[in-house]
Amino acid sequence: MKQGTIKNFFGNSQKKKEELGESNLGSDKKCATQSQKGAETNGQNSKESQQKPDESKSQQEESQLKEKPKAQKRRQIIDSSDDEEVPSLATMSISNKQIKKVENENQKNESSKSETKSSTDSSNLSKQILEKPKNEDEKLSQSSKKAAEQQDTKKKPTNNLRKLLDKHFDPIEDAPFYKDQEVLFGYLCDGFERVNEQEGKNSKAIQIEIMSKIFKSIILLNPDQVYEAYMFCILKIAPDYESNELGVGREILQKAISNCCGKSVTQIRDSLNKLGDLGKVASEAKSTQKNITNYFQKQAKEKPPITLNRTFNDLKSIAAASGKDSTAERERIIIKYMNEAKPDEACYFIRFLEQNLKIGAAEKTMQAALSKAFFEIAHNIKSNHVYTEQQNQLLEEFNFNITRCLCEFPNYYQVIETLKQIGKDISKLLDICKITIGVPCKPMLAKPTKSIQVILERFKDMTFTCEYKYDGLRGQIHYDGKDVTIFSRNLENMTQMYPDIVEFIKKHVSQSKTVKNFILDSEIVAFDKNTNKIRPFQQLATRGRVNVKLDEIDIKVCVFMFDLIYINDQSLLQTTLQERRQKIQECFVQEPGEFCFAEHINTEDVEQIQEFLEKSVKVGCEGLMVKTLETNSTYEPAKRSFKWLKLKKDYLDSGLGDTLDLVPIAAFKGTGKRVGLYGAYLLACYNEDMERYETICKIGTGFSDEILEACYKFFQDKIIPQPQSDYLTKDFKADVWFKPSVVWEIKGADLQISPVYTCAISETNQEKGIGLRFPRLIRVRDDKDPVDATSPSFIYDIYKQQAVVANDFDDGDDFY
DNA sequence: TCTGTCTGCCCC
DNA sequence: ATTCTGC
DNA sequence: GCAGAATGGGCAGACAGA
């Protein structure tokens, strides 16, 4: 059976109705009556669909006239392509819904929200439709048809869960909904469940295949909702730069779940410790609860299945809640949703709120699946098709382009809309979805490197450069000739945090005749202009985040520019670092203490690098960034996301390093794959003079699976009911406390003043102790007793020796 | 108005 | 942020 | 080597409740 163009689709849909009815009757006798009903209603719909082409063509023309903005956008796209040759999804989809999509997001939300509301309040509409006698087929009026479109999601029998794994899966036939009907959220959940089952070789490919099938169904049946579906899969409700926080964390979720299933929060916690994940807790609560409450509910009325639209809108409402009682409002939405959801649906709703799908597939996999879906539709390839060499290559190109666009221009909505338009011609995607001032580009990241030798090997036969790695906040600074926007590493708009930088740029660049606009990549660092020294990261972090006033800034910053990715309407993404660096130096003038080029040297000499590394640490940096200059040095976040290397002092295996010997005195139960074990431990140093243990950090990384389990077992007979009287803590809550029993060797990057830990508290200022930044386990030490652990005074000495702290002491300005 | 708790595709 | 693991 | 999933410290901001 063919698919992939609209003609084929409608051709299919004619055949489909009979086949579907038959197969369902045959396959599942239990549901015979239901299936029959389903099949019949099906028939209605298919007939409708058949009629649609004529009708909706005119509708389409009409609304295209109405909808100027979108029409324009589309024209841009289509203008540059030859409409005839490339069958685009736009021409494929005859649905008037697609045009409806033009409404802006807010409007759309409002309307669909109210739709969902009315539908959940009473299932009258769907009942009506379900109970409609079949002889009314032909009489279906315009209005009830509309209603069917909006609400009727029930008709298609949904007991085809395994179809997603079926070799002969058909994205149209095997989706649990019909053309133009609401996408059922359960369909996505089924997909997640199947994805989660995959392991072993080829599992990634199968995961991608499964999700691509779902995306194909949605693209073909209800293209409006591809965006929502994809966004759900990557756990977002809006692009990153439109900061849309959910405001729901573990505590609220636990409360909501307990409220929903009539258990105490303590019971929920127990359940969480047993199951390892709140999603599972919710789904288990649902399925056990079913026996009692749901039974009667079912008798009373068949609940309409939950749609993707409703799910997504609920999530948006949760994020939108603010002000007084917003927490209660969020809770209310969650509880209501959970009450109506099936176990799987509740599970994934909760997991979305936890921002973790836990199915072994995350954004990269989802994106590959989306690419595959669009590719197969554009190229008319069936699911599970074994690709030819050439098809493989084409898919790779497809995927590469999509990845690249999503990195340069992470406006998911527009990328998906554009994909619908361009069909096969993937090269057109980058014409539209390209780096744009005002839209953050995903930043290049660096990979930790253990030694200079490793760097030399990695970059042999290439020229490379070393830069200081400043300890500050990443800042991607956009200037469009008028406004300045600053984005964080995670593409969050942080402009409000830096009015001083905004002012500086406006002031200096407006005078420049050579710079019209730009995007530059930098590290923003707390800086003391008087002493010309870098200040600790911790001080930078005390800056306000929103609505910072110029005259209230007490922590001054310096911008250290290290890359330029766009200048004067021209993208530099494809140029070499050498060229980009040259451009920076041409275009920008340094202003000491405010706006500087990142310190760098170009050398391949080990000793010089070593020296440079030490110098960087001495002035308060974290270490070095090492980057190729010519070969393979373009700014391409898409190709390899960790093309740069970072070299920090604490990475180095050589030398004694600054490791600490610490004693685990408490632990926290693990979640996810660490369920049943301890996920993290509380560590303390030993104060010989005072004969007490002083806390310094928790630790949860550096354990191999084996060691993690061994540690759990080791501590089973070391558990004590209360913290010992010689444990100095600040009202610290832990799941279990231990006798001091063992010493662990711990590495960290920095020591810093801590509001919660007590290490060296009597030597600091009696209120705040010292904490360890980036702690990780190196090894278990059998040769030391707990009382031999590192002492607080030793730790305090190291703390004082740290460059940035010393800088501050020099200044006589004891910040804390 | 003050204080404590929770949250963050937080920032690192 | 760091680290480990499966592929 | 990548992608995913465990986990760290500590800050401001938002909100709930006293």
Side-chain angles (χ1 to χ4, degrees), chain A residues 198-205 207 231 234-252 255 276 321-328 330 352 354-365 368 410 445 447-448 471-474 488-492 494 497 523-524 537-548 622 640-642 646 648 650-651 668 670-675 677-683 696-708 746-757 768 770-778:
Chain A
Q198 303 307 316
E199 58 178 52
K201 75 171 165 51
N202 256 344
S203 60
K204 189 51 70 182
Q207 289 178 336
M231 292 297 271
I234 60 171
L235 303 167
K236 296 179 205 293
I237 53 176
D240 306 293
Y241 51 92
E242 280 175 19
S243 168
N244 231 325
E245 292 173 344
L246 290 163
V248 175
R250 177 153 291 182
E251 300 302 316
I252 292 173
K255 250 172 93 183
S322 76
K324 194 168 158 13
D325 296 330
S326 56
T327 309
R330 290 183 169 127
F352 185 101
E354 279 195 299
Q355 293 286 291
N356 191 345
L357 237 34
K358 302 196 185 197
I359 56 172
E363 182 162 359
K364 290 272 160 54
T365 306
L445 302 171
K447 199 182 155 63
D471 189 12
L473 296 172
R474 188 82 174 256
S488 75
R489 178 193 139 120
N490 291 320
L491 313 188
E492 203 95 7
M494 303 293 285
M497 188 169 172
E523 191 77 10
I524 298 165
F537 174 82
Q538 219 176 358
Q539 291 186 22
L540 178 65
T542 64
R543 267 206 179 202
R545 311 272 167 84
V546 292
N547 219 349
V548 176
E622 295 184 289
R640 266 179 271 160
S641 46
F642 295 90
K646 57 178 164 182
K648 294 216 246 172
D650 56 282
Y651 295 160
F668 307 82
T671 66
K673 62 187 180 188
R674 293 196 180 170
V675 69
L677 305 174
Y678 299 127
Y681 292 83
L682 175 64
L683 297 177
I696 181 167
C697 66
K698 290 201 291 175
I699 187 158
T701 193
F703 302 88
S704 66
D705 291 355
E706 194 186 349
I707 287 181
L708 198 73
I746 306 294
K747 194 175 251 191
D750 286 318
L751 292 162
Q752 54 192 10
I753 296 294
S754 164
V756 297
Y757 295 112
K768 293 184 174 182
I770 285 179
L772 186 63
R773 189 147 79 131
F774 311 145
R776 59 264 195 191
L777 177 78
I778 301 301

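Note that this is a predicted model, so its numbers are computed, not measured. Proteins get letters first, then strands, A, B, ... in listed order; numbering begins at 1 in each.
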Query - Partner residues of A:Q207 under the side chain to side chain donor-acceptor pair (under 3.5 Å) criterion, sequence neighbours left out - result: A:K204
Query raised in the report: Side chain of A:R674, backbone of A:G679: donor and acceptor closer than 3.5 Å?
Result: yes
Query raised in the report: Hey, is the side chain of A:K364 poking within less than 4.0 Å of OP1 or OP2 on D:dA3, counting only N and O atoms?
Result: yes
Query raised in the report: On a plain distance test, is the side chain of A:T701 in donor-acceptor contact with the base of C:dT2 below 3.5 Å?
Result: yes
Query raised in the report: Can you tell which of D:dA6, B:dC12, D:dG4 lies closest to the side chain of A:R674?
Result: D:dA6
**Report entry** side-chain N/O A:S488 vs B:dC10 OP1/OP2, d < 4.0 Å
**Finding:** no
Report summary line: The residue, A:D705 or A:Y651, whose nearest nucleotide of DNA chain C is more 5′ is A:Y651
Query raised in the report: For A:E199 and D:dA3, what is the distance between atoms CD and C1' respectively, to the nearest whole Å?
Result: 16 Å
**Report entry** Sub-4.5 Å side-chain heavy-atom contact between A:Y651 and A:K646
**Finding:** yes
Requested in this report: Identify whether any heavy atom of A:I252 sits under 4.0 Å from a base atom; if not, whether one sits that close to sugar-phosphate; answer base, sugar-phosphate or nothing.
Outcome: sugar-phosphate
Query raised in the report: Partners of A:E199 by side chain to side chain donor-acceptor pair (under 3.5 Å), sequence neighbours excluded?
Result: none
Query raised in the report: The side chain of A:K698 lies closest to which of these nucleotides: D:dG8, C:dT3, D:dG4?
Result: D:dG8
Report task. Grab the CG-P distance between A:L357 and D:dA3 for me, whole Å please. Result -> 17 Å
Query raised in the report: Contact class for A:A361 (heavy atom, under 4.0 Å): base, sugar-phosphate, or nothing?
Result: sugar-phosphate
Report task. Have a look at A:L473 and say if it touches a base, only the backbone sugar-phosphate, or nothing, with a 4.0 Å heavy-atom cut-off. Result -> sugar-phosphate
Query raised in the report: Using Watson-Crick pairs (N1 to N3, plus N6-O4 or O6-N4) and G-U wobble pairs, both distances under 3.5 Å, which stems of at least 3 pairs involve DNA chain D?
Result: B:1-8 with D:11-18, B:10-12 with D:8-10, C:1-7 with D:1-7
Report task. Would you mind telling me which of D:dG8, C:dC4, D:dA6 lies closest to the side-chain atoms of A:T671? Result -> D:dA6
Report task. In whole angstrom, give the distance that lies between atom CD1 of A:I699 and atom P of C:dC4. Result -> 11 Å
Query raised in the report: Of the candidate nucleotides D:dG4, B:dC11, C:dT2, which contains the atom at the shortest distance from the side chain of A:K673?
Result: D:dG4
Report summary line: Residues at least two apart in sequence or cross-chain that pass side-chain contact (heavy atoms from CB on, under 4.5 Å) with A:S322, listed by chain then number, are none
Query raised in the report: Just checking A:G472: base, sugar-phosphate only, or nothing, at a heavy-atom cut-off of under 4.0 Å?
Result: sugar-phosphate
Query raised in the report: Quick check: does any side chain N or O of A:Q538 sit under 3.5 Å from a backbone N or O of A:I753, one acting as donor and the other as acceptor?
Result: yes
Query raised in the report: Where along nucleotides 12-18 of chain D does protein come under 4.0 Å, by heavy atom, of base (B) or sugar-phosphate alone (S), with - for untouched nucleotides?
Result: SS-SS--
Query raised in the report: Looking at A:K646, does any N or O in its side chain come under 4.0 Å of the phosphate oxygens OP1/OP2 on C:dT2?
Result: yes
Report task. Indicate, with a heavy-atom threshold strictly under 4.0 Å, whether A:F668 touches base, sugar-phosphate, or nothing. Result -> nothing
Requested in this report: In whole angstrom, give the distance that lies between atom CD1 of A:I359 and atom C1' of D:dA5.
Outcome: 13 Å
**Report entry** Per A:V756 side chain, nearest of listed nucleotides B:dC11, D:dG10, D:dA3
**Finding:** D:dG10
Query raised in the report: Is any side-chain N or O of A:Q538 closer than 4.0 Å to OP1 or OP2 of D:dG9?
Result: no
Query raised in the report: Which is true for A:F537 with a 4.0 Å heavy-atom rule: it touches a base, it touches only sugar-phosphate, or it touches nothing?
Result: sugar-phosphate
Query - Spacing of A:N490 atom CG relative to B:dC10 atom P, expressed in whole Å - result: 5 Å
Query - Heavy-atom check, side chain of A:T701 versus side chain of A:F774, under 4.5 Å - result: no
Query raised in the report: Does A:K673 have any salt bridge (Lys or Arg N to Asp or Glu O under 4.0 Å) partners at least two apart in sequence or in another chain, and if so, which?
Result: none
Report task. Would you check if the side chain of A:E363 reaches a backbone N or O of A:I234 as a donor-acceptor pair within less than 3.5 Å? Result -> no
Query raised in the report: Expressed in whole Å, how much space separates the C1' atoms belonging to B:dT7 and C:dT2?
Result: 23 Å
Query raised in the report: Is the shortest distance from a Lys or Arg side-chain nitrogen in A:D650 or A:R773 to a carboxylate oxygen in the other one below 4.0 Å?
Result: no
Requested in this report: Please work out if A:Q752 contacts a base, only the sugar-phosphate, or nothing of the nucleic acid, heavy-atom cut-off 4.0 Å.
Outcome: sugar-phosphate
Query raised in the report: Less than 4.5 Å apart, any side-chain heavy atom of A:P410 and any of A:L491?
Result: yes
Requested in this report: Choose from D:dG10, B:dC12, D:dA6 the nucleotide whose nearest atom is closest to any side-chain atom of A:N356.
Outcome: D:dA6
Report task. Can you tell me the distance, in whole Å, between the CD atom of A:E622 and the P atom of B:dC11? Result -> 16 Å
Query raised in the report: Within a strict 4.5 Å, meaning less than it, do heavy atoms of the A:I699 and A:I746 side chains meet?
Result: yes
Query raised in the report: So what does A:L772 hit on the nucleic acid, given a heavy-atom distance under 4.0 Å: a base, only sugar-phosphate, or nothing?
Result: sugar-phosphate
Query raised in the report: When the distance from OH of A:Y241 to P of B:dG8 is rounded to whole Å, what number comes out?
Result: 22 Å
Report summary line: Contacts of A:K648 and A:S704 projected onto DNA chain C by closest heavy atom; the upstream (5') one is A:K648
Report summary line: Atom CD of A:E492 and atom C1' of B:dC12 are separated, to the nearest Å, by 14 Å
